Amino acid sequence: MTRPASMLKIILFWMCCLGVVYASDADIYFAYAIRAWEYEDAHTAKIYFSKLAKMGDRRGFSGLGMLDVNWWDYAGFIVPDRREIYRKDRVKYKEALQYFQKAADMGDGLGFFGLGYMYFYGKGVLKDKTKAQQYLQKACQIWEKEGKEGNVQAYVFLGRLYAGQRQYKVPDFYNDPQKSVAYFKKVMEMGDPRGYFELGEFYNQKKEEASADKKFQSAWGYEEEAEEYYQKAAQLDYAIAYYRLMKFTHDRDGIREYLQKSADMGYGTACYELGYEAYNWDRDTQKALKYFNKACIMGDYESCYLVYHITGKKPAEPVEKGFWDWLRDLF
């Protein structure tokens with residue numbers, strides 16, 4: 001082999017290797033972004049979705065779109081002025097539409113879902129349920145294909161869509177709890193804790209319905225199944241599962257232990273509740289501020305307000321962490 005040919009082969013080899021590393025980084029960023037989003041940490045989710053978008057990854061654009069279209073959930077410390085909210089609605093929905101369209105143009109399922117969601121509810125666009133259904137059907141087709149190829153997140157999206165969960169709720173077209181269970185079982189079989197957790201959610205809802213109908217024997221059975229699935233999700237380090245397990249524990253120490261674990265693993269609601277408990281019951285202002293600040297940085301309005309109430313100072317804008325800072329925090 002000639003020297004130039006040999007050099008070309010080496011260069012191509014390293015280009016392939018670098019491509020693999022780059023793709024791996026994108027998958028890591030996406031995993032962190034999704035986990036942060038699920039844990040109500042919009043700040044961290046935005047960091048990683050932004051990194052993906054800068055890399056030209058379609059998942060970054062659709063993720064940023066979801067944060068924008070649900071911006072009020074992560075508003076942080078703002079003055080609840082109607083004019084400001086209306087103005088921000090217009091800005092955020094315009095941005096979301098652009099992000100979703102870009103992601104959809106690149107063949108992203110969540111991009112098509114986002115467009116369908118916006119047209120279904122008329123967020124930033126004229127309400128058009130026919131167009132919404134077309135986009136949603138396209139999203140489902142992409143997710144079905146990706147799921148069969150081993151993409152667990154695609155099955156998570158499908159399960160949440162058919163379960164009618166908030167942020168995925170389009171009841172005119174998708175409201176089939178049994179179908180959602182089938183998808184979550186696939187997620188569970190792929191070893192993802194969200195499969196166990198969502199099955200826990202399903203049986204917990206069945207328990208509530210049975211209790212309302214005074215079918216107490218059935219309710220007891222559903223409750224046992226729900227707790228079993230939550231326990232399995234918690235064993236796989238899913239923070240929200242620990243939070244759910246509090247309702248199955250009747251001693252005060254057990255409830256506090258689950259709440260502490262959930263908060264320390266980064267679940268926003270648990271951080272707020274732990275701060276609230278420290279402030280109102282334990283009279284521990286330092287601990288309260290620690291967890292209120294943590295939840296505030298994630299984007300929780302109530303926590304930001306309580307930081308202001310306790311300190312008299314408006315919470316500082318969160319400082320964005322780099323990838324290695326985030327990785328170091330995990331360990």
Side-chain angles (χ1 to χ4, degrees), residues 26-42 44-45 48-49 52 57-67 69-70 73 100 103-104 107-117 135-171 173-205 226 229-230 232-244 265-268:
D27 290 339
I28 290 169
Y29 293 156
F30 182 65
Y32 287 152
I34 286 290
R35 180 56 57 92
W37 180 24
E38 292 175 349
Y39 283 6
E40 301 172 356
D41 183 355
T44 302
Y48 287 101
F49 282 135
L52 286 167
D57 192 299
R58 56 186 172 81
R59 297 171 295 182
F61 298 116
S62 57
L64 290 171
M66 287 299 285
L67 290 175
V69 83
N70 296 289
D73 291 343
F100 287 141
D108 186 73
L110 189 60
F112 281 107
F113 168 81
L115 291 172
Y117 185 87
Y135 283 129
L136 293 166
Q137 285 175 343
K138 183 66 177 174
C140 289
Q141 289 168 6
I142 292 171
W143 286 336
E144 285 282 5
K145 180 176 180 293
E146 290 179 346
K148 289 173 183 175
E149 293 170 350
N151 185 336
V152 67
Q153 186 59 46
Y155 283 141
V156 171
F157 283 142
L158 283 165
R160 288 176 176 167
L161 176 62
Y162 280 100
Q165 293 185 11
R166 197 175 65 84
Q167 297 188 352
Y168 302 90
K169 198 176 185 71
V170 279
F173 308 128
Y174 301 95
N175 185 16
D176 189 338
Q178 292 299 332
K179 198 163 185 177
S180 77
V181 165
Y183 285 120
F184 289 135
K185 283 183 177 178
K186 291 178 186 288
V187 174
M188 182 181 69
E189 289 162 5
M190 294 168 83
D192 193 294
R194 292 171 297 177
Y196 295 103
F197 175 78
E198 297 292 358
L199 287 170
E201 295 282 83
F202 172 76
Y203 284 110
N204 191 49
Q205 180 61 35
Y229 281 118
Y230 286 141
K232 287 178 179 176
Q235 288 164 12
L236 291 169
D237 293 330
Y238 196 62
I240 314 175
Y242 281 114
Y243 181 80
R244 290 289 191 273
M265 291 172 74
Y267 181 43

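Values below: every heavy atom of this structure, side chains too, minus hydrogens, waters and symmetry copies. Quick caveat: nothing in here was measured; it's all calculated off a predicted structure. By convention here, the first residue in the shown sequence is residue 1.
- The aromatic ring centroids of Phe184 and Phe202 lie 6.0 Å or more from each other.
- The pair Glu144-Lys138 fails the salt-bridge criterion, with no side-chain N (NZ, NE, NH1 or NH2) lying under 4.0 Å from an Asp/Glu carboxylate O.
- For the atom pair CD of Gln137 and OH of Tyr174, the computed distance is 5.0 Å after rounding to the nearest 0.5 Å.
- With hydrogens and angles ignored, the 3.5 Å screen pairs a side-chain donor or acceptor of Ser62 with a backbone N or O of Arg59.
- Partner Met66 forms a side-chain contact (heavy atoms from CB on, under 4.5 Å) with one of Trp37, Tyr117, Phe49 and no other, that one being Trp37.
- Looking at Glu149 and Lys145, a side-chain N of the basic residue comes within less than 4.0 Å of a carboxylate O on the acidic one, giving a salt bridge.
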**Prompt:** Given Ile34 and Tyr32, is the side chain to side chain contact (heavy atoms under 4.5 Å, CB included) satisfied, shown in steps?
**Reply:** CA-CA 6 Å; Ile34 286 290; Tyr32 287 152; over 6 Å; no
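- Side-chain atoms of Tyr230 and Glu201 include a donor-acceptor pair closer than 3.5 Å.
- Relative ring orientation between Phe113 and Trp143 is described as tilted, the plane-to-plane angle lying within the 30° to 60° band.
- Scanning both residues, Arg194 and Val187, for their nearest heavy atoms gives C-CG1, 4.2 Å.
- With sequence neighbours left out, Phe30 forms a ring pair (Phe, Tyr, Trp, His ring centres under 6.0 Å) with no residue at all.
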**Prompt:** Could you walk me through whether Asp108 and Ile142 pass the side chain to side chain contact (heavy atoms under 4.5 Å, CB included) check?
**Reply:** CA-CA 7 Å; Asp108 186 73; Ile142 292 171; over 6 Å; no
